[in-house]
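To start, the structure under review is shown below, and the notes come after it.
Throughout, a chain's letter reflects where its sequence line sits, starting with A, and its residues are numbered from 1.
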There are 2 protein chains.
Amino acid sequence: MAAIRDDLTYAFGAGRLTPQRQTIAESARSLGRAFTIDDLAEEARYRDPSIGVATVYRAVSAMEATGWLERVGERAGSVLYAQCGAGDRHHHHLVCTSCGRVEPAECPLHDVAAHAATSGFVITNHEVTLYGLCPACLATGS
Amino acid sequence: MAAIRDDLTYAFGAGRLTPQRQTIAESARSLGRAFTIDDLAEEARYRDPSIGVATVYRAVSAMEATGWLERVGERAGSVLYAQCGAGDRHHHHLVCTSCGRVEPAECPLHDVAAHAATSGFVITNHEVTLYGLCPACLATGS
DNA sequence: TCCAAAGTGAGAACGATTATCACTTGGCTC
DNA sequence: GAGCCAAGTGATAATCGTTCTCACTTTGGA
Ligand SMILES: [Mn+2]
Ligand SMILES: [Mn+2]
Ligand SMILES: [Zn+2]
Ligand SMILES: [Zn+2]
């Protein structure tokens, strides 16, 4: 069963769930992998051609603010997003560099945080992203 | 003593060490913190106003290719670079979000790599960046 | 010295993202 | 249910970091 934040009704928090936003959120979920704004706009406009690109940008900003989407890297100058697959739990990401599949990864930074403390730095935030090949892409050799 | 890659003569590898490139590399080193292309260009053009912005971009690309510079994040839509402070050793970065100071950090990913292997992913690359406050910024409360 | 490749600088072009603005819509109050 | 108004929309222009182009200069080896 999915974590509560995976439910579409949480995508926009206190914001309105308009028909356009619903289409955009469903598009994001249906992609099932990391995507650029352009990827998402293409899918959303396939379902409803009247949706403007600016609306997709605004919807992504809103979904990122609630944590329903996360940025997981970049591709050719564009930000890569993925639906958060682990609810509220603190985690990071495995990103398949071939197909874009994304899987949550444990946070490995407890030791490093301790080390940093001895150097005088106080860590307030961190980013971890792993890139590689998912089982499917390994099997097909792509 | 600094690791060998910290020496300016390694900044451009097989490329030419022109006067402009020397000025740019010295500027990067003198900044002593994470910087954007714009920060670097400002410093370099202070020393030699005839240096064009395109030359700074090209020099940074070359220095990134040799590993003498690394990208350590972004700020307001621009890529953040820092001089690599740990030679050839595999490492990551502590970045002070207040003053931009950068310090090498150990790689904490051995456990995670093992975990990923059990999920079928094969990791080929990873990124880790820690953000926080350096001792100096903690002391001044900035 | 000569030459070909590498590098330079000015400016144009590019492309992702953001701002603007007139208009529409959703959800609340009465 | 009608009225209100903040929130959202879509087209388009603007922004801005980065890359490209091109004529020119410099470099370092033959
Ligand atoms: Mn996630
Ligand atoms: Mn480094
Ligand atoms: Zn894959
Ligand atoms: Zn600091």
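Regarding B:Gln22, its CD atom lies at a distance of 12 Å from the P atom of D:dT27, rounded to whole Å. In this structure, B:Leu80 atom CG and D:dT18 atom C1' are separated by 15 Å, rounded to whole Å. Atom CZ of A:Arg45 and atom C1' of D:dA11 are 10 Å apart (whole Å). Counting to the nearest Å, the P atom of C:dG7 and the CD1 atom of B:Ile24 are 12 Å from each other. In this entry the distance linking CD of B:Glu74 with P of C:dT17 reads 10 Å, nearest Å. Atom CZ of A:Phe12 and atom C1' of C:dG26 are 15 Å apart (whole Å). Note: CZ (B:Arg75) to P (D:dT18) measures 12 Å, nearest angstrom. Rounded to an integer number of Å, the gap from A:Met63 CE to D:dG8 C1' is 14 Å.
Between A:Ala25 and A:Trp68 the shortest heavy-atom distance is O-CH2, 3.6 Å. Closest of all the heavy-atom pairs between A:Arg101 and A:Arg33 is N-CB, 4.0 Å. Heavy-atom minimum distance, A:Ala44 versus A:Ser27: CA-OG, 3.4 Å.
From B:Glu70, atom CD reaches atom NE2 of B:His93 across 3.5 Å, with rounding to the nearest 0.5 Å.
Side-chain nitrogen and oxygen atoms of B:Arg58 include none within less than 4.0 Å of the OP1 or OP2 phosphate oxygen of D:dT19. For D:dG28, neither phosphate oxygen OP1 nor OP2 lies less than 4.0 angstrom from any side-chain nitrogen or oxygen of B:Arg16. Side-chain nitrogen and oxygen atoms of A:Gln20 include none within less than 4.0 Å of the OP1 or OP2 phosphate oxygen of C:dT25.
Within the 4.5 Å cutoff, the side chain of A:Gln20 has no heavy atoms near those of the A:Thr23 side chain.
Each of B:Ser78 and B:Thr18 lies near DNA chain D, and the nucleotide nearest B:Ser78 is the one positioned closer to the 5' end. Mapping B:Pro19 and B:Tyr81 onto DNA chain D by nearest heavy atom places B:Tyr81 closer to the 5' end of the strand. Toward the 5′ end of DNA chain C lies the nearest nucleotide of B:Gly15, the other residue of the pair B:Ala54 and B:Gly15 mapping further downstream.
For A:Tyr57, the side-chain atoms get nearest to C:dA16 when compared with the rest of C:dG11, D:dG10, C:dA16.
Nucleic acid contact class of B:Val79 (heavy atoms, under 4.0 Å, all strands): sugar-phosphate only. A:Thr36 comes within contact range of no nucleotide atom at all, as no heavy-atom separation falls under 4.0 Å.
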